[in-house]
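So the structure is just underneath, and the comments pick up after that.
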Amino acid sequence: MPKLEPAFYLEKNVLKVAKALLGKVLVTEIEGVRTSGRIVETEAYNGAADRASHAFNNRRTQRTEIMFGEGGAAYVYLCYGIHHLFNVVTNLQEVPHAVLVRGLEPLEGIPDMLHRTGKQRVDYTLTAGPGSLSRALGISTALTGQSLLGSRIWIEDAPAIPPKDIVAGTRVGVAYAMEDAYLPYRFWIRGNKWVSKGKGLVR
DNA sequence: CCGTCGATCTCCT
DNA sequence: GGAGATCGACGGG
């Protein structure tokens, strides 16, 4: 399937993009090794208005600067000093929206994913969870700022997931975000085994 | 099954 | 100095 068009990433409603990304295929080609997976779980980060976002209140740092660029780039940052978390930058320039990819169903290059992660067998721990899927696909902070229309990391089109098969819940690990921690900004494909086990706040 | 803890970057106070 | 968009190892029940 073809790469998603630039217009896909310019959508101004980040919740729409987070849902539309479900079912699409994330592909990396790192040093000649191609690996891919179907996106089954996402979280929307609503920029300046969102206390859970790194760009809350339009906070600009060297790390977050890429989110202020035009939609269609990768924002990869180091979490807890160890894990490389991959986000899709969306919306127009100066609007720092992003979608975190939290779960993938592995498709191409599974032996390479096993090699990268040191795992013996394929199970949900290979690509469920944002840190795990980055390791499997070879995504690191070296890719932050890369265009998703380029040749190292991109997203391919696939049929949309019907709304009845999309579940919404609260985001994981954002308790610090006060009232925004309760927003239903996490989306996943109902019943899919590659969704991470992380739990958001419940009220 | 569950809770705790270490790893060790980036940014804030 | 402390917390964080996480994960896996370990110990107890």
Side-chain angles (χ1 to χ4, degrees), chain A residues 14-15 17-19 21-22 26 37 39-69 71 73-91 95-104 106 113-145 148 153 155 167-188 193-203:
Chain A
V14 70
L15 303 177
V17 191
K19 287 181 273 193
L21 280 168
L22 294 173
L26 176 63
I39 297 171
V40 302
E41 179 184 3
T42 59
E43 279 179 0
Y45 285 85
N46 192 30
D50 184 355
R51 288 185 174 279
S53 171
H54 293 161
F56 173 60
N57 216 9
N58 280 316
R59 185 158 57 86
R60 297 177 95 119
T61 65
Q62 186 168 25
R63 182 178 69 160
T64 65
E65 190 61 31
I66 187 61
M67 282 198 281
F68 291 84
Y75 169 48
V76 185
Y77 76 95
L78 201 54
C79 183
Y80 297 108
I82 300 215
H83 303 290
H84 300 254
L85 270 55
F86 167 72
N87 298 253
V88 176
V89 175
T90 71
N91 211 313
V95 184
H97 288 180
V99 177
L100 171 69
V101 176
R102 290 193 53 92
L104 293 180
M113 297 190 205
L114 290 171
H115 184 247
R116 283 175 178 148
T117 57
K119 294 180 182 296
Q120 306 297 313
R121 315 174 151 272
V122 176
D123 62 25
Y124 75 90
T125 66
L126 185 64
T127 52
S132 298
L133 71 88
S134 286
R135 246 186 314 147
L137 266 65
I139 297 170
S140 76
T141 54
L143 291 180
T144 202
L148 297 175
I153 183 166
I155 301 174
V167 189
T170 55
R171 295 173 292 184
V172 177
V174 298
Y176 61 88
M178 300 186 273
E179 68 270 24
D180 292 345
Y182 294 98
L183 295 171
Y185 282 5
R186 177 186 178 213
F187 304 99
W188 65 93
K193 71 183 233 185
W194 302 97
V195 172
S196 77
K197 303 302 176 195
K199 293 280 182 282
L201 297 185
V202 182
R203 173 151 67 176

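Below, chains carry the letters A, B, ... as their sequence lines are ordered, and counting in each starts from 1. Computed over heavy atoms, backbone and side chain alike; hydrogens, waters and symmetry mates excluded.
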Using side-chain hydrogen bond (donor to acceptor under 3.5 Å, both in side chains), reason through A/R135 and A/T117 one step at a time and then give a plain yes or no. CA-CA 6 Å; A/R135 246 186 314 147; A/T117 57; 5.6 Å; no
Which dot-bracket string fits DNA chain B when only Watson-Crick or G-U wobble pairs with both atom distances under 3.5 Å count, crossing pairs get [ ], and | stands for a partner on a different strand? |||||||.||||.
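- Nucleotide C/dG8 holds its C1' atom 16 Å from the NZ atom of A/K197, rounded to whole Å.
- Checked by atom type and distance alone, the side chain of A/R60 never pairs as donor or acceptor with a backbone atom of A/E65 at under 3.5 Å.
- Of the possible donor and acceptor atoms, one in the side chain of A/R171 sits under 3.5 Å from a partner among the backbone N and O of A/A44.
- Distance alone, capped at 3.5 Å, places no donor-acceptor pair between the A/E43 side chain and the A/R102 backbone.
- The distance from atom OH of A/Y80 to atom P of C/dA9 is 18 Å, rounded to the nearest whole Å.
- Judged by distance alone, with hydrogens and angles left aside, the side-chain atoms of A/H97 form no donor-acceptor pair with the main-chain N or O of A/T90 at under 3.5 Å.
- The separation between A/L78 atom CG and B/dT8 atom P is 11 Å, rounded to whole Å.
- Among the protein residues, A/G131 comes within range of the sugar-phosphate backbone only, with heavy atoms under 4.0 Å from sugar or phosphate atoms but none that close to a base.
- Between the NE2 atom of A/H83 and the C1' atom of B/dT10 there is a distance of 15 Å, given to the nearest Å.
- Atom pair A/R51:CZ and B/dC12:P shows a separation of 15 Å (rounding to whole Å applied).
- Considering only side-chain N and O atoms, A/K119 lies under 4.0 angstrom from the phosphate OP1 or OP2 of C/dG8.
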Check the interface with nucleotides 2-6 of chain B: list each N/O to N/O pair with the protein under 3.5 Å, or write none.
none

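- Contacts of A/I82 with the nucleic acid, taken as non-hydrogen atoms under 4.0 Å apart, include base atoms.
- Comparing the P positions of C/dG13 and B/dC5 gives an interatomic distance of 15 Å, to the nearest angstrom.
- For the P atoms, the distance linking B/dT8 with C/dC10 amounts to 16 Å, nearest Å.
- Using a distance-only test at 3.5 Å, with no hydrogens or angles considered, no donor-acceptor pair links the side chain of A/N87 to the main chain of A/A98.
- Listed pair A/R135 / C/dT6 fails the phosphate criterion, with no side-chain N or O lying under 4.0 Å from OP1 or OP2.
- Residue A/S132 is in sugar-phosphate contact alone, with no base atom involved, counting any heavy-atom pair closer than 4.0 Å across all strands shown.
- At distances below 3.5 Å, not a single donor-acceptor pair connects side-chain atoms of A/T127 with backbone N or O atoms of A/L133.
- Projected onto DNA chain C by closest heavy-atom contact, A/T125 and A/Y45 fall at different nucleotides, the more 5' of which corresponds to A/Y45.
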Please determine whether side-chain contact (heavy atoms from CB on, under 4.5 Å) holds for the pair A/L114 and A/Q120, giving the CA-CA distance in whole Å, both sets of side-chain angles, and the decisive distance to 0.1 Å. CA-CA 7 Å; A/L114 290 171; A/Q120 306 297 313; over 6 Å; no
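- As a whole-Å value, the separation of A/R60 CZ from B/dC12 C1' is 19 Å.
- Taking A/R63 as the reference, A/H54, A/T61, A/Y75, A/Y77 meet the side-chain contact (heavy atoms from CB on, under 4.5 Å) condition, with sequence neighbours excluded.
- For A/F187 against A/A18, the heavy-atom pair with the smallest separation is CD1-CB, 3.7 Å.
- Side-chain N/O atoms of A/R63 include none lying less than 4.0 angstrom from OP1 or OP2 on B/dC9.
- Atom CZ of A/R171 and atom P of C/dT6 are 11 Å apart (whole Å).
- Summarising the geometry, the separation between NE2 on A/H54 and C1' on B/dC12 is reported as 12 Å, rounded to the nearest angstrom.
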